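Note sheet for the following structure.
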Amino acid sequence: MAVTSLRGEVTDLLSRLIRVDTTNPPGNETAAAELLREYLEANGVECALYSRVPERANLVARIRGVGEGPALLLLGHTDVVLAAAAEWSVAPFSGEVRDGEVWGRGALDMKGQVAANAVAIASLAREGFEPQGDLIFAATADEEVGDDFGLSWLCAEHPDAVRCDYSINEGGGERLVIGETVLYLCATAEKMSAPFRLRVHGRSGHAAMPGIADNALVKAARLIERLSAHRPEPQIQPEVEAFLRAVLGDVPAAGTAAHRARELDRSLAELVEPMLSTTLSPTMIAASQKRNVIPALCEIVVDCRLLPGQTPADAEPVIRSVLGSDVDYELEFLQAEGGTRSELATPLWAAVEAFVAETEPAARAVPLICTGFTDSHWLREAFGTVAYGFFPARVMPPDVASALIHSADERVPVADLELGVEWLRFAARTVLT
Ligand SMILES: [Zn+2]
């Protein structure tokens with residue numbers, strides 16, 4: 001295969017991947033899996049497709065270990081979210097390279113990392129890399145919707161294909177500059193998404209005679225106010241302790257951590273605050289379907305995120321005490337997903353630290369609790385995998401990247417793709433030999 005550089009190779013592969021429209025729903029990830037399989041097989045990497053339905057395939061490729069060492073999985077999803085072409089300055093599925101950046105839906109989330117994963121394992125295979133344990137590549141379907149076609153299904157139905165000791169996934173790698181300190185964030189834990197629904201009861205009646213009814217919408221408003229006024233008890237988890245020590249030089253009391261962060265930098269406070277406690281955000285409401293009918297029922301959905309290790313059963317008594325007992329309501333949790341963590345003292349963490357030190361000697365790697373969740377939790381739950389979100393971005397600032405993800409004009413600097421390939425090759429060599 002005639003290639004001039006890994007930089008050119010990853011750029012070209014990403015452009016081609018973006019051109020495969022894998023908008024989920026419906027996904028149609030098989031076309032992306034086949035493109036990657038063709039590329040990897042041409043480079044001598046053994047591949048297999050696994051699919052619950054033919055059009056939504058997952059690709060797993062590997063370089064088999066020659067010894068008894070641990071296995072490392074480079075994980076990525078091939079589906080993307082909808083792109084409204086009218087908002088874009090380029091066609092969202094063009095994969096156009098312009099001014100040193102690859103443009104298109106998925107460039108950041110996360111076909112860029114998928115392409116870098118593929119180039120890392122392909123280039124190692126070409127060089128005759130002999131890991132002690134398996135180096136595995138997985139390009140999975142259906143991360144964005146989560147209807148069990150992707151990694152959750154693989155872990156349940158084909159566990160031998162994706163069983164691993166270590167995994168590198170999305171969700172971290174941002175380069176943050178706080179005063180004189182340069183940090184690379186590595187997501188080692190994730191909050192749990194535990195949204196709930198409140199059903200507030202009243203009594204219907206004609207809206208022209210409010211005295212005869214008991215308006216469930218008005219009662220719900222009281223509950224919404226209480227939820228938004230609530231300040232959850234902050235606590236400092238191990239990841240936050242390490243993070244604060246790196247940024248502030250010491251670990252403040254939980255009650256003052258957000259304030260200390262705010263004194264230093266506003267964006268730092270925005271990052272730290274959700275890592276300190278549960279968050280409760282009322283986001284949806286439904287009541288009467290008729291303007292002149294007072295509703296007997298009002299439903300509120302609250303986006304609730306718990307710290308890793310907490311469960312809805314832990315949170316429920318606190319939420320009920322916030323809501324009080326004067327309004328008649330029912331509370332039902334709708335989901336409990338994510339909320340897992342991996343240890344910090346591991347060979348993969350050492351690799352993250354060593355890579356950051358080598359790439360940018362003045363910078364430091366710090367752990368982070370991701371406020372959302374990724375597919376990493378499936379691996380942690382199924383195999384006890386040490387899974388980190390780390391794909392370093394040196395050129396694109398984190399505020400720019402986060403504004404582009406799931407939005408218009410998503411793009412990734414070629415230099416960051418190249419850095420990503422270097423990181424993944426470094427991690428494989430460090431952890432597997
Ligand atoms: Zn993603």
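Note: hydrogens, waters and symmetry copies are ignored here, and every other heavy atom, side chains too, is used. Given the structure is predicted, the values throughout are model-derived calculations rather than measurements.
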* Structure fact -> Separation between CZ (Arg429) and CG (Leu72), nearest 0.5 Å, reads 13.0 Å
* Using a distance-only test with no angle check, is there a side-chain donor-acceptor pair under 3.5 angstrom linking Asp21 and Asn28? -> no
* Interatomic distance, Glu239 atom CD to Cys370 atom SG [nearest 0.5 angstrom] -> 11.5 Å
* Structure fact -> One should read off an interatomic distance between Phe243 CZ and Leu183 CG, to the nearest 0.5 angstrom, of 6.0 Å
For residues 174-181, please give each side-chain donor-acceptor pair under 3.5 Å, one per line with the distance, not counting sequence neighbours.
unit_1, atom_1, unit_2, atom_2, d
Arg175, NE, Glu360, OE1, 3.0
Arg175, NE, Glu360, OE2, 3.3
Arg175, NH2, Glu360, OE2, 2.6

* Asked: Can you find a pair of side-chain heavy atoms, one from Leu323 and one from Leu198, that are under 4.5 Å apart?
  -> yes
* Measure across Ala120 and Ser123 and return the closest heavy-atom pair with its distance rounded to 0.1 Å. => O-OG, 3.0 Å
* Asked: Is any side-chain N of the basic residue among Glu127 and Arg425 closer than 4.0 Å to the acidic one's carboxylate O?
  -> yes
* To do: Verify, without hydrogens or angle tests, whether Asn58 (side chain) and Tyr50 (backbone) share a donor-acceptor contact under 3.5 angstrom.
  => yes
* To do: Please test Leu59 against Cys47 for side chain to side chain contact (heavy atoms under 4.5 Å, CB included), starting from the C-alpha separation and ending with a verdict.
  => CA-CA 7 Å; Leu59 172 67; Cys47 292; 3.8 Å; yes
* Short question: side chain of Lys191, backbone of Cys304 - any donor-acceptor pair under 3.5 Å? -> no
* Answer yes or no: is there a side-chain heavy-atom contact under 4.5 Å between Val412 and Phe391? => no
* To do: Answer whether the closest heavy-atom distance between the side chains of Ile168 and Trp423 falls below 4.5 Å.
  => yes
* Is there a donor-acceptor contact under 3.5 Å from the side chain of Asp416 to the main chain of Val395? -> yes
* Asked: Got more than 12 heavy atoms from elsewhere within 6.0 Å of NE2, His230?
  -> yes
* **Distance-minimising heavy-atom pair for Asp375 and Asn169** => N-ND2, 3.9 Å
* Within-4.5 Å side-chain heavy-atom neighbours: Val302 and Ile319 -> no
* Asked: Crowded around Glu225 CD? As in, over 12 foreign heavy atoms under 6.0 Å?
  -> no
* **Flag, side chain of Ser5 to backbone of Gly8, donor-acceptor distance under 3.5 Å** => yes
* Structure fact -> The side chain to side chain donor-acceptor pair (under 3.5 Å) partner of Arg56 among Thr22, Asn24, Asp79, Thr30 is Asn24
* Could you name each residue pair satisfying side-chain hydrogen bond (donor to acceptor under 3.5 Å, both in side chains) that touches residues 399-409, not counting sequence neighbours? => Ser89-Asp409, Asp109-His406, Glu144-His406
* **Crowding at CZ, Arg52 (>12 non-hydrogen neighbours, <6.0 Å)** => yes
* To do: Heavy atoms only: give me the nearest Ala33-Leu49 pair and the separation to one decimal.
  => CB-CD2, 3.7 Å
* Asked: Which value, rounded to the nearest 0.5 Å, describes the distance between Phe196 atom CZ and Leu280 atom CG?
  -> 5.5 Å
* Can you tell me if CD on Glu343 sees more than 12 non-hydrogen neighbours from other groups inside 6.0 Å? -> no
* Looking at side-chain heavy atoms only, is the closest gap between Leu135 and Leu74 below 4.5 Å? -> yes
* Report the C-alpha distance between Thr385 and Asp165 in whole Å, list the side-chain angles of each, state the deciding distance to 0.1 Å, and finish with yes or no for side chain to side chain contact (heavy atoms under 4.5 Å, CB included). => CA-CA 5 Å; Thr385 303; Asp165 305 280; over 6 Å; no
* Closest heavy-atom contact between Pro274 and Thr371? -> CB-CG2, 3.6 Å
* **Least distance between heavy atoms, Thr374 atom then Glu143 atom** => CA-OE2, 4.0 Å
* Mind checking the CD1-CZ spacing from Ile18 to Arg411? Nearest 0.5 Å is all I need. => 12.0 Å
* To do: Just say parallel, tilted or perpendicular for the rings of Tyr388 and Trp349, cut-offs at 30° and 60°.
  => perpendicular
* Would you check if there is a donor-acceptor pair between the side chains of Arg380 and Ser342 at a distance under 3.5 Å? => yes
* Asked: Where do Val102 and Val414 land on the side chain to side chain contact (heavy atoms under 4.5 Å, CB included) test, with the steps shown first?
  -> CA-CA 7 Å; Val102 185; Val414 169; 4.0 Å; yes
* Asked: Is a side-chain N or O of Asp134 found less than 3.5 angstrom from the main chain of Arg62, in a donor-acceptor match?
  -> no
* **More than 12 heavy atoms of other groups within 6.0 Å of Glu263 CD** => yes
* **Donor on one side chain, acceptor on other, Ser15 and Asp12, under 3.5 Å** => no
* Begin with the C-alpha distance, continue with both residues' side-chain angles, and end with the deciding distance and a verdict on salt bridge (Lys or Arg N to Asp or Glu O under 4.0 Å) for Arg16 and Glu38. => CA-CA 12 Å; Arg16 290 197 287 141; Glu38 189 186 328; 5.5 Å; no
* Asked: Salt-bridged, Asp250 to Arg260, with N to O below 4.0 Å?
  -> yes
* Asked: Side chains of Phe390 and Gln113: closer than 4.5 Å at any heavy-atom pair?
  -> no
* To do: Could you verify whether a donor N or O on one side chain and an acceptor N or O on the other, from Thr78 and Glu29, lie under 3.5 Å apart?
  => no
* To do: Work out which heavy atom in Ala138 is nearest to a heavy atom in Leu73; give both atom names and the distance.
  => CB-CD1, 3.6 Å
* **Within-4.5 Å side-chain heavy-atom neighbours: Val114 and Phe137** => yes
* To do: Report the C-alpha distance between Val247 and Val272 in whole Å, list the side-chain angles of each, state the deciding distance to 0.1 Å, and finish with yes or no for side chain to side chain contact (heavy atoms under 4.5 Å, CB included).
  => CA-CA 11 Å; Val247 184; Val272 168; over 6 Å; no
* **Check: Trp153 and Thr140 side chains under 4.5 Å, non-hydrogen atoms** => no
* Structure fact -> In this structure, CD1 of Ile405 is separated from CZ of Arg105 (nearest 0.5 Å) by 10.0 Å
* Taking the side chain from Glu410 and the backbone from Gly106, do they hold a donor-acceptor pair closer than 3.5 Å? -> yes
* Charged N to carboxylate O under 4.0 angstrom, Glu46 versus Arg64? -> yes
* Between His77 and Glu170, a side-chain donor and acceptor under 3.5 Å -> yes
